[in-house]
2 protein chains.
Amino acid sequence: MTRSPADHGRPTPRSAKPRPLTLRDVSEASGVSEMTVSRVLRNRGDVSEGTRARVLEAARRLGYVPNRIAGALASQRVNLIAVIIPSLSNLVFPEVLGGISSELEGTGLTPVVGVTNYSPAREEQVLYEMLSWRPSGVILAGLEHTPAARAMLLSAGIPVVEIMDVDGTGVDSVVGISHRRAGRQMAQAIVAAGYRRIGFLGTKMPEDHRSRKRLEGFAEGLAEAGLQLADREFYSGGSALKKGREMTEAIMARSPDLDFLYYSNDMIGAGGLLWCLEAGIDVPGRLGLAGFNGVDLLEGLPRRLATMDACRAEIGRRAARIVGGHETGPKVVELTPVLQPGDTIRPSA
Amino acid sequence: MTRSPADHGRPTPRSAKPRPLTLRDVSEASGVSEMTVSRVLRNRGDVSEGTRARVLEAARRLGYVPNRIAGALASQRVNLIAVIIPSLSNLVFPEVLGGISSELEGTGLTPVVGVTNYSPAREEQVLYEMLSWRPSGVILAGLEHTPAARAMLLSAGIPVVEIMDVDGTGVDSVVGISHRRAGRQMAQAIVAAGYRRIGFLGTKMPEDHRSRKRLEGFAEGLAEAGLQLADREFYSGGSALKKGREMTEAIMARSPDLDFLYYSNDMIGAGGLLWCLEAGIDVPGRLGLAGFNGVDLLEGLPRRLATMDACRAEIGRRAARIVGGHETGPKVVELTPVLQPGDTIRPSA
DNA sequence: CTGAAAGCGCTAACAT
DNA sequence: ATGTTAGCGCTTTCAG
């Protein structure tokens, strides 16, 4: 690429942009046909040690990086798994990703991540983008999607695994937990421990269906015992730990007779716990607390917050196994979260 | 695709795998040539309103999703930016990603993320994978790479932006802060506040060069005042908050006369802070504390840990701007982290 | 404003 | 064990 006179005023070009190398270059440099070079580079078919060595040497020397775009087009095969999640700052999703990656390791499949920020429209858009690269599978969070997104998933002709949640109807395979059941189970444990005036603190995100389902299940669990939520408080945005403090202070100021607070996630629960301890509130005697997720962070708190493990890494692993084509089992895999009472629920009466 | 007799024994196929639709299908359905359909779908060139409408209608009705693999091969253009980072569970990197995404929004470029787990070999491998998709730019963390990785970056013929760290020599553009300077600055602030017996607590990760550089700068800063580190403690893996507690307890048991603890990140610093408060230690009178990063989490703690903002989102935004081809400025952009004294350094004497 | 032809860089399928 | 041929589905280029 020669520089035109117009180039004069411009800053130095980022780099001389040489035409990227092709198989042909390696072929010429090694004196082996393109086809055989291709075979060597992909470890496919029988190639004699001699030619293999010559080809690899030439490829290395030239710094050849194969063009997968061409390869994928020719072979009609793409080693990519689209993974679509609501957020990366939630800590939960990186853990799921970890599970997916570890399981995909060595299968030749590579996860590619897209983030929706809990917006269904954005999810649709991200899905469209990713499908346009013709991945060999899709893993996405939740069962709620726009009609167009569902349609795309149905007609994509590839394995689809919806994760995190089993309360609803999936497109293809589903791996997750029942958040409704988790909420109910927590309610039962709380009631069994003798708490009666119970408040809920959570996010104000209409699109966080899992949090919503937990709350619904929780309310059902209370209803079974003839109880109902005594008060509730919602937030959005900001430092979750700080919000947890503020909300806890607010709800306790408004309803001082509450004897239990159920948080929609561990982070705000941790904030609430810190506030209670500072305020000199007897936890779990005077006031019980519980969160959800079972995040690592909890281990470092002054007291262990009661929580429920969401099986994050395991969900990722199972989903990866299914999308990779192994695992011929049922279409719906329901994992069972375990209640971790910690130190913030008093022992059952 | 008809089912062969061999299909009998297999579980129901995941889905009837229809040949994905092509431009030709849309062309036939709309009675418009492939070429014009292509133009409509890409908003390129002039197309009459009538044909445009007919094409869009047909595409929508069929559920056509373009094949970017073919498109990219034909146009020699890929709208992808490779982003390579060490970890997703660090909280720091999702924030950088946020900056990158927000800046790329609307430019037609899409970030694609690869994770190295702080392994140079893995980084090389991920880079190779990503370059094989011929992205139009690369953003990657740090200045330290394997020789092969450097070579690939140099010959890729695309913009390369190395982020987070400016202490060293980059391949192309660099956006970050000087961790060495950050460490030194913190040391100076601590010394100015009158602390003299200073300990360091950090990760045991040989490949975390930024943490290492901070420590080096910190030691230099102390040396300028005729001081040196009185003790140090390292960890790896596990819940950072908990590790912070444990390490703090350990180092204070071993060196009870320490009057300041410098942590390599806020998370372990927060753990240390919680431990100190519980242990009834006067912070910052008897013992001062400081971390690094300026994470959101700190806002919810009982006391605000002293820290230094690492300019994470800004780094992401600047890097994205450069890799996108805007910003013709200098090759190295050094951002300036700001010391946030919080409540854990006593006022300077 | 619309269409026809050529080919992007690679691999499947078939020779040899 | 190695080479040849014919596309993959799209976009570029040039012609109407």
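Predicted model only: the values in this text are computed from it and were never measured. Throughout, protein chains are lettered first and strands after them, A, B, ... in sequence-line order, and every chain is numbered starting at 1.
- Rounded to whole Å, the distance from CG on B/N79 to C1' on D/dC10 is 14 Å.
- Proximity of A/R77 to the phosphate of C/dA12: a side-chain N or O atom is located under 4.0 Å from OP1 or OP2.
- Atom CZ of B/R24 has 12 or fewer heavy atoms from other residues, nucleotides or ligands within 6.0 Å.
- Rounded to an integer number of Å, the gap from A/R54 CZ to D/dT2 C1' is 11 Å.
- The base of D/dG9 has none of its N or O atoms less than 3.5 Å from a complementary donor or acceptor on the side chain of B/R68.
- A heavy-atom distance below 4.5 Å is found between the side chains of B/E162 and B/H145.
- Distances were taken from every side-chain heavy atom of A/A74 (C-beta onward) to each of C/dG3, C/dA12, D/dG7; the shortest belongs to D/dG7.
- The separation between B/L73 atom CG and D/dG9 atom P is 12 Å, rounded to whole Å.
- Distance, A/E34 CD to D/dG3 P: 11 Å, rounded to whole Å.
- Between C/dG9 and A/Y64, no contact under 4.0 Å exists linking OP1 or OP2 to a side-chain N or O.
- Considering only heavy atoms from C-beta on, B/S132 stays 4.5 Å or farther from A/N67 through its side chain.
- One atom, CE of B/M35, and another, P of C/dG7, lie 16 Å apart when rounded to the nearest Å.
- D/dC10 atom C1' lies 14 Å from atom CZ of B/R19, rounded to whole Å.
- Side-chain atoms of A/V112 and B/V112, non-hydrogen and from C-beta on, do get closer than 4.5 Å to each other.
- Between A/S33 and D/dG3 there is a side-chain N or O to OP1 or OP2 distance below 4.0 Å.
- Counting non-hydrogen atoms under 4.0 angstrom, B/D46 reaches a base of the nucleic acid.
- B/S38 has a side-chain polar atom (N or O) that falls below the 4.0 Å cut-off from OP1 or OP2 of D/dT11.
- Checking the phosphate oxygens (OP1, OP2) of C/dG9, a side-chain nitrogen or oxygen of B/Q76 falls inside 4.0 Å.
- Distance, B/I69 CD1 to D/dC8 C1': 10 Å, rounded to whole Å.
- Both A/N67 and B/R52 lie near DNA chain C, and the one whose nearest nucleotide falls closer to the 5' end is B/R52.
- An OP1 or OP2 oxygen of D/dG9 is reached within less than 4.0 angstrom by no side-chain nitrogen or oxygen of B/R24.
- Of the candidates C/dT11, D/dT11, D/dT2, D/dT11 carries the atom nearest the B/S75 side chain, counting heavy atoms from C-beta on.
- Using modelled atom types, one side-chain atom of A/D172 and one backbone atom of A/V160 make a donor-acceptor pair closer than 3.5 Å.
- Side-chain contact between B/S119 and B/E207 is absent, with no heavy atoms from C-beta onward closer than 4.5 Å.
- Residue contacts for A/R44: at a heavy-atom cut-off of 4.0 Å it reaches no nucleic acid atom on any strand shown.
- At the phosphate of D/dT2, OP1 or OP2 sits under 4.0 Å from a side-chain N or O atom of A/S48.
- The side chain of B/T36 places no N or O atom within less than 4.0 Å of a non-bridging phosphate oxygen (OP1 or OP2) of C/dC1.
- As a whole-Å value, the separation of B/L23 CG from C/dG3 P is 13 Å.
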